[in-house]
Number of protein chains: 4
Amino acid sequence: MSSLPPGVALAPKRQRGRDRVAAILEAATALFAEKSYEAATMTEVALRSGTAIGSLYRFFPTKEVLAVALLERYGERLLHALDRLIDRDPPLSVADAAAGLLEIVRCLRTERSVVLSLIDSGIAWQAGTGTLRTALIGRMGGLLSRLGGSPGAHDERAVILLHLVKAIFALPQDGPGPQSAGDVEAEAVLRLYLEHSARSAPHG
Amino acid sequence: MSSLPPGVALAPKRQRGRDRVAAILEAATALFAEKSYEAATMTEVALRSGTAIGSLYRFFPTKEVLAVALLERYGERLLHALDRLIDRDPPLSVADAAAGLLEIVRCLRTERSVVLSLIDSGIAWQAGTGTLRTALIGRMGGLLSRLGGSPGAHDERAVILLHLVKAIFALPQDGPGPQSAGDVEAEAVLRLYLEHSARSAPHG
Amino acid sequence: MSSLPPGVALAPKRQRGRDRVAAILEAATALFAEKSYEAATMTEVALRSGTAIGSLYRFFPTKEVLAVALLERYGERLLHALDRLIDRDPPLSVADAAAGLLEIVRCLRTERSVVLSLIDSGIAWQAGTGTLRTALIGRMGGLLSRLGGSPGAHDERAVILLHLVKAIFALPQDGPGPQSAGDVEAEAVLRLYLEHSARSAPHG
Amino acid sequence: MSSLPPGVALAPKRQRGRDRVAAILEAATALFAEKSYEAATMTEVALRSGTAIGSLYRFFPTKEVLAVALLERYGERLLHALDRLIDRDPPLSVADAAAGLLEIVRCLRTERSVVLSLIDSGIAWQAGTGTLRTALIGRMGGLLSRLGGSPGAHDERAVILLHLVKAIFALPQDGPGPQSAGDVEAEAVLRLYLEHSARSAPHG
DNA sequence: GATGAATGAGCATTCATTCAT
DNA sequence: GATGAATGAATGCTCATTCAT
């Protein structure tokens, strides 16, 4: 009962512990975003979250475990948002899909740096279930399917679409205003490519 | 420690030195690509290039200087290739431009990761000229200008275009074949966006 | 690396830490005295104090911080002793002052080398107050004032007096006996110079 | 004929070599003075003297050998100057002696830092013949003898006198003017102590 | 369970010195 | 004999991680 498989974050049982964990995740999010996975230090995470370094290690026995926890947290949000978009009831138009993707990106932009820095640091996510990357490509494929077009090229297109979304994530964010010039162009890129895909050949 | 200008790589004066420098650059290229600027260590570069750590530092007095050298090496290639594309004589069509960009990406793909990892590490380059990033955005702007369209949005579009190119750089490279499915789609993205930009409003 | 104020020695919060700090200071005293600030190495300090290098850096995040701690420790003793001498109640005679200075030197002789090597390394001390050197010169001036004499030359004389005291500090110490021949002569030097200063011109 | 005892500077046979050596010694003087024996580097000495590092090592096979050469050079000058003072023909008055000592110090002041930094770095000088220190103490004793006073205390007094001279060497030098305020006071210290010694008891 | 001290491998960098050309 | 490249031990310092209290 005492030797859990290492590599998993310990789930805290009491309220106090859950608050701790939340504070830690928040601090880590900020630090990984400001610096990078490698440049951020566990000591700093502890400091910023008001946790003793020893306590930090109780919940996250490894820096990598902490990173994975973050990846899961934001990855799940991202996946859920994508699922909601794909399954939206009145069938999606291309314009809706482009706007929806951009909206997702904009909502998660605050935490985007974490995701980007973690995706690119090669940290594995849910070893068994496949990577975040795989899951995201799956969703992109789903989106393309809903919009129609020749299914033959969907696999490559999903990859490209994912890269486009990542590129938009990486875009410097100009002000929180409703629609910056950059956003307009970003949405254009998405729309153009989705149109292109939907147009590619009639279903079946 | 103080009288030697520490900002520039020392040029080797003998053949032996020139070989060593070449070996170092090669090893560093590989390592910065595999890991990242921050994760790669000078000791590893030395080891991988068969150089004593002291010799490494003779030519590259700082990790950053080494990175800058790499940036210049690949950055210059990239910029030259872009310049050739922009200034090609029979004025470019949108399709030519897209194909040209993709071609450039394909040719430099081997060294792509280095460039990517160094661009994003924000290392300054050519003291006066600003970052590689800045230079690249300038080229993208130049390309958009040649293709026409409302010049008002060129700044934002140049940024977007750079991100698209970066995304394509980052694409997993499938075989060295002439035109993989991924390449076709990548070219489509570029063409669509360049068309969109060129169409945006009549010149003048 | 960035959020922690790196300018001050971290105060240990537990007994174990306080012991360690004491051991470190002792070892550093010895080493800085035997060699010099520059020649002594942190690794050696760690070794000699039975501390892991990491622990040493926990409390003294920089070699300079360690030096400053030493400087404060011994500098404060020295300054307090000088203050007690200057403010002694029955106004000082020249002979008393000379004897007093010598006595101070003799008491602090064990740690003299550290002070000497640190004074001359120009390490800043107590951010606002300037160097130990400055503080000492101030005290020497105070002593000269109490003994009378033309105040016009006190600044230069304070500097000279400090150098005399330093010279006596540097004297090879012959046995712990009450008054060695060297001490007699050293006291003579001080007395002669203080007399000379006091005689220089009537007050006002 | 090829394996000379290590530790001695190789005497150059040709003019070219003698110039080299002179340049090296000059550069080393400046550097040791500006920084310190430990902080100055052989590479810097080579650079500053326009010598290749390999050539520097031909003449001075060790950093310490270089230091010893400097020590000898300045030590000899100092000793000669002292000898001239001691043996000056119309027998010396105390005032003359004080003025003479100060004059010597002032003349060698440019190079004082080297001597000070080398004396205090514990580098041995002429292993067989004794240290510079010993030689200097001898001269101080000689000077005291010429001025009269009880010879019993001359040994201790010579040591003290040497320390006084060293202290004056270390004095911050204010302008090259003929007699700065500091110099006046420094001469006073010397005169007072020499008088005290000469007065101590009638000869014999 | 929380706290913070302890640990030590590792990192970027320096520099005296040697050696091949 | 001159040159400069090569060498590697050593330095100041960092940081993930463990352990005693």
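Throughout, protein chains are lettered first and strands after them, A, B, ... in sequence-line order, and every chain is numbered starting at 1.
Taking only side-chain nitrogens and oxygens, R58(A) never comes nearer than 4.0 Å to OP1 or OP2 of dT17(F). Taking side-chain N and O atoms only, R20(A) has a distance below 4.0 Å to OP1 or OP2 of dT3(E).
Contact annotation for A40(B): backbone-only contact, meaning every heavy-atom pair under 4.0 Å involves sugar-phosphate atoms and none involves a base.
Each of T43(B) and K63(D) was matched to the nucleotide of DNA chain E holding its nearest heavy atom; the match closer to the 5' end belongs to T43(B).
At least one side-chain heavy atom of S36(D) sits under 4.5 Å from a side-chain heavy atom of E38(C). Annotation: side chain of Y37(A) is in contact with side chain of E64(A) (closest heavy-atom distance under 4.5 Å). For the pair I53(A) and L56(A), the minimum side-chain heavy-atom distance is below 4.5 Å. Taking 4.5 Å as the limit, every side-chain heavy atom of T51(A) sits out of range of all side-chain heavy atoms of F59(A).
Atom CE in M42(A) sits roughly 21 Å away from atom P in dT7(E) (whole-Å rounding). We find that CZ of F60(B) is positioned 12 Å from P of dA5(F), with the value rounded to whole Å. Distance L66(C) CG to dT11(F) P: 15 Å, rounded to the nearest Å. If you take CD of E38(A) and C1' of dG10(E), they are 15 Å apart, rounded to a whole angstrom. If you take CZ of F59(B) and C1' of dT7(F), they are 13 Å apart, rounded to a whole angstrom.
Secondary-structure annotation of DNA chain F gives the stems E:2-21 with F:2-21, with a stem taken as at least 3 successive Watson-Crick or G-U pairs whose two distances both fall under 3.5 Å.
Take E34(D) and apply the side chain to side chain donor-acceptor pair (under 3.5 Å) test, not counting sequence neighbours, and it matches R48(D).
Atom CZ of residue R20(A) and atom CG of residue L25(A) lie 13.0 Å apart, to the nearest 0.5 angstrom. Rounding to the nearest 0.5 Å places CD1 of I24(A) at 7.5 Å from CG of L66(A). Rounding to the nearest 0.5 Å gives a distance of 7.5 Å between OG1 of T62(C) and CE of M42(C).
Within residues 45-57 of chain C, the residues that have a heavy atom under 4.0 Å from DNA chain E are, in order of number, A52(C), I53(C), G54(C), S55(C).
Looking only at distances, no side-chain donor or acceptor of K35(C) sits under 3.5 Å from a matching main-chain atom of T41(C).
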